[in-house]
Amino acid sequence: MPELPEVETTRRGLAPHIEGRRIQSVTLRRPDLRWPIPPEVARDLPGQRIEAVRRRAKYLLVDTAAGSALLHLGMSGSLRVLPATIPVSTHDHVDIAFAGSAGKPGRVLRFNDPRRFGSLLWQPLGEVHPLLRGLGPEPLSDDFDGDYLFDLSRGRRAPVKTFLMDQAVVVGVGNIYAAESLFRAGISPLRAAGKVSRERYAALAGAVKAILTHAIARGGTTLRDFLSPDGAPGYFEQELSAYGRGGEPCPRCGRPMKQASIGQRATVWCGHCQR
DNA sequence: AGCGACTCCTGTTTGC
DNA sequence: TGCAAACAGGAGTCGC
């Protein structure tokens, strides 16, 4: 499931292939994903040159002079750059096609999303899409640190894991990285956010940064394959300490990892190492 | 304002 | 073995 590192990996893989290219056509095989696809996407994108591919939270922004296409991968979405001759397969919902050069076939940016939790939206030039308003800081920015978390969390009674996954608090930390960060910082996911000390929030912010940075670096190894039709990488899965390891021995102390649902999310932690 | 519950969807896993 | 029910998951939205 794409979290921030996978979205950033996608952005880095995508950018060199589509930045500077002119869009020839847009094919929508569905009128909607999570939400209806706004008419500007098919109407205004063709003919535009892609100026940049940016990321904010888990959203990708494809910038043109007419406006920006806003892409979210949901939990099962993926983007690939392929030769336009590759046949579409199940759940290939959107193609953004580029003209080929002399003798070379054109390519398409193809959006596949089986569960359709993803979205394709439109941000007019000079505006900020409503979904991007009110988002918290980027976790890898200097705006995000222990003091920030400590100050914001005072009085909050929700579990610290729920707090950390709130996109208004900090963006890009989903279920996997919340579990991993809390394990690394030695904080119980059940603890009320407002009851975590400043020192422990410093450790937590550091853990978030370290884990995300590492995961992005690991994803980077797959960038060269971005043009191939192979499936998405599972680059980080074998390195997970907590996520998906309920009942297994704690990597630190060997006691069985606990599992429960916190805030409607499967959560794994060590009752001994995380307090 | 904060927070829990609900919702979307479909591939995979679990349970009978 | 086969089928159906349960589950997973990002994050917006609703209601208390």
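Below, read A as the first sequence line, B as the second, and so on, with proteins coming before strands; counting in each chain starts at 1.
Side-chain nitrogen and oxygen atoms of A:R156 include at least one within less than 4.0 Å of the OP1 or OP2 phosphate oxygen of B:dC3. Within the structure, every side-chain polar atom (N or O) of A:Y177 is placed at least 4.0 Å from both OP1 and OP2 of C:dG10.
Within 4.0 Å (heavy atoms only), A:F163 reaches no atom of the nucleic acid at all.
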Using atom types as modelled, flag every donor-acceptor pair under 3.5 Å from a side chain in residues 34-42 of chain A to any protein atom, sequence neighbours excluded.
none

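Atom pair A:Q167:CD and B:dG2:P shows a separation of 16 Å (rounding to whole Å applied).
Contact annotation: the side chain of A:L182 never approaches that of A:T267 to less than 4.5 Å [non-hydrogen atoms, C-beta and beyond].
Screening residues 55-113 of chain A for ring pair (Phe, Tyr, Trp, His ring centres under 6.0 Å) gives A:Y59-A:H72 as the qualifying pairs, with residues at least two apart or on separate chains.
In the set C:dG10, B:dG4, C:dG12, C:dG10 carries the atom at the smallest distance from any side-chain atom of A:E3.
Hydrophobic cluster of A:L190: the remaining members, joined at side-chain heavy-atom separations below 4.5 Å, are A:I262, A:W269, listed by chain and number.
Axis deviation across the helix from B:dG2-C:dC16 to B:dC16-C:dG2 amounts to 50°, comparing end segments of five pairs, rounded to 10 degrees.
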- request: Do nucleotides 6-12 of chain B as a string where each nucleotide becomes B, S or -: B if the base has a protein heavy atom under 4.0 Å, S if just the sugar-phosphate does, - if no protein is that close.
  value: --BBBB-
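Taking the salt bridge (Lys or Arg N to Asp or Glu O under 4.0 Å) definition, one finds that A:R43 meets it with nothing, sequence neighbours left out.
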